[in-house]
Enquirer: 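Below is one structure. I have some questions about it.
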Amino acid sequence: QLQASGGGLVQAGGSLRLSCVASGRTVSTYDMGWFRQAPGKEREFVATISSSDSPYYADSVKGRFIIARDNTKNTVYLQMNRLKSEDTAVYYCAAGSGLGILSDARRYDYWGQGALVTVSS
């Protein structure tokens with residue numbers, strides 16, 4: 001089970017940190033990703049950290065967001081800086097260990113319930 005938290009309302013230019021705690025699974029053995037879905041839009045890739053600890057980012061968040069993993073807490077974080085109104089979405093964490101492109105949602109087998117991030121302009 002994956003539990004995401006840390007969402008909320010923030011002004012444009014501000015920061016938020018999302019957390020994803022895993023229970024029953026060890027995050028260090030999975031590729032851990034963050035995806036988001038804005039109202040009326042498709043779910044899109046945000047960032048992922050591979051099981052070998054390599055981070056990858058969508059171009060839209062590169063340089064502003066940082067993904068990190070704390071194996072001692074079995075938790076993955078998404079530090080979001082310089083937030084923009086277009087970052088408003090429900091953010092989902094996911095865990096996967098299959099084949100395929102890291103940015104492809106089909107690679108991920110387990111999903112959290114989502115955390116709402118609202119950025120006001």
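When reading the values below, keep in mind they use all heavy atoms of this one structure, side chains included, and skip hydrogens, waters and symmetry mates.
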Enquirer: So Asp53 and Arg69, side-chain contact (heavy atoms from CB on, under 4.5 Å) or not? Walk me through it.
Expert: CA-CA 8 Å; Asp53 278 343; Arg69 173 173 28 217; 2.8 Å; yes
Enquirer: Looking at Ala89, is its backbone amide N or carbonyl O close enough to the side chain of Arg36 to form a donor-acceptor pair, meaning the two atoms are under 3.5 Å apart?
Expert: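 Absent.
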Enquirer: Between the main-chain N or O of Gly33 and the side-chain N or O of Tyr92, is there a donor-acceptor pair closer than 3.5 Å?
Expert: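 Answer holds: no.
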Enquirer: Would a distance-only check, ignoring hydrogens and angles, find a side-chain to backbone donor-acceptor pair under 3.5 Å from Thr88 to Glu86?
Expert: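 Flag not set: sc Thr88 to bb Glu86 has no pair under 3.5 Å.
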Enquirer: So, does Asp70 use its side chain to make a donor-acceptor pair with the main chain of Thr75 at under 3.5 Å?
Expert: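 No, Asp70 side chain to Thr75 backbone: no donor-acceptor pair under 3.5 Å.
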Enquirer: Ignoring hydrogens and geometry, is there a side-chain-to-backbone donor-acceptor pair from Thr26 to Ser28 under 3.5 Å?
Expert: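 No, because the side chain of Thr26 does not come within donor-acceptor range (under 3.5 Å) of the backbone of Ser28.
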Enquirer: Counting N and O atoms only, with roles assigned by atom type, does the side chain of Gln1 sit under 3.5 Å from a partner on the main chain of Gly24, one being a donor and the other an acceptor?
Expert: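 No, the answer is negative, given that no donor and acceptor are paired below the 3.5 Å cut-off.
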Enquirer: Any heavy-atom pair between the side chains of Val119 and Lys84 that's under 4.5 Å?
Expert: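 Counting from C-beta outward, Lys84 and Val119 never come under 4.5 Å.
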Enquirer: Can you tell me how far apart OG (Ser103) and OH (Tyr56) are? Round to the nearest 0.5 Å.
Expert: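 Rounded to the nearest 0.5 Å, the OG-OH separation comes out at 10.5 Å.
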Enquirer: In this structure, is the centre-to-centre distance between the rings of Phe45 and Phe35 below 6.0 Å?
Expert: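 Yes, they do, as the ring centres are separated by less than 6.0 Å.
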Enquirer: Less than 4.5 Å apart, any side-chain heavy atom of Ile66 and any of Leu78?
Expert: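 Not touching, per the 4.5 Å side-chain cut-off.
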Enquirer: Below 4.5 Å, heavy atoms only, C-beta onward: do Ser23 and Gln3 meet side chain to side chain?
Expert: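 Heavy-atom side-chain distance check fails, nothing below 4.5 Å.
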Enquirer: So, do Val117 and Asp87 sit near enough that their side-chain heavy atoms are less than 4.5 Å apart?
Expert: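 No, their side chains stay 4.5 Å or more apart.
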Enquirer: Donor-acceptor check, side chain of Tyr57 to backbone of Ile67, threshold 3.5 angstrom: yes or no?
Expert: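 It does hold such a pair.
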Enquirer: Could you tell me whether a side-chain N or O of Asn74 sits under 3.5 Å from a main-chain N or O of Val27, the two making a donor and an acceptor?
Expert: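 Confirmed, Asn74 side chain pairs with Val27 backbone.
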Enquirer: Quick one: does Thr48's side chain have a donor or acceptor within less than 3.5 Å of a partner on Met32's backbone?
Expert: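 Judged by distance alone, yes, a pair lies under 3.5 Å.
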Enquirer: Contact between Cys20 and Trp34 at the side-chain level, heavy atoms closer than 4.5 Å - yes or no?
Expert: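 Contact flag for Cys20/Trp34 side chains = yes.
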Enquirer: Taking the side chain as everything from C-beta on, heavy atoms only, tell me whether Arg17 gets closer than 4.5 Å to Met80.
Expert: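 Side-chain contact under 4.5 Å: no.
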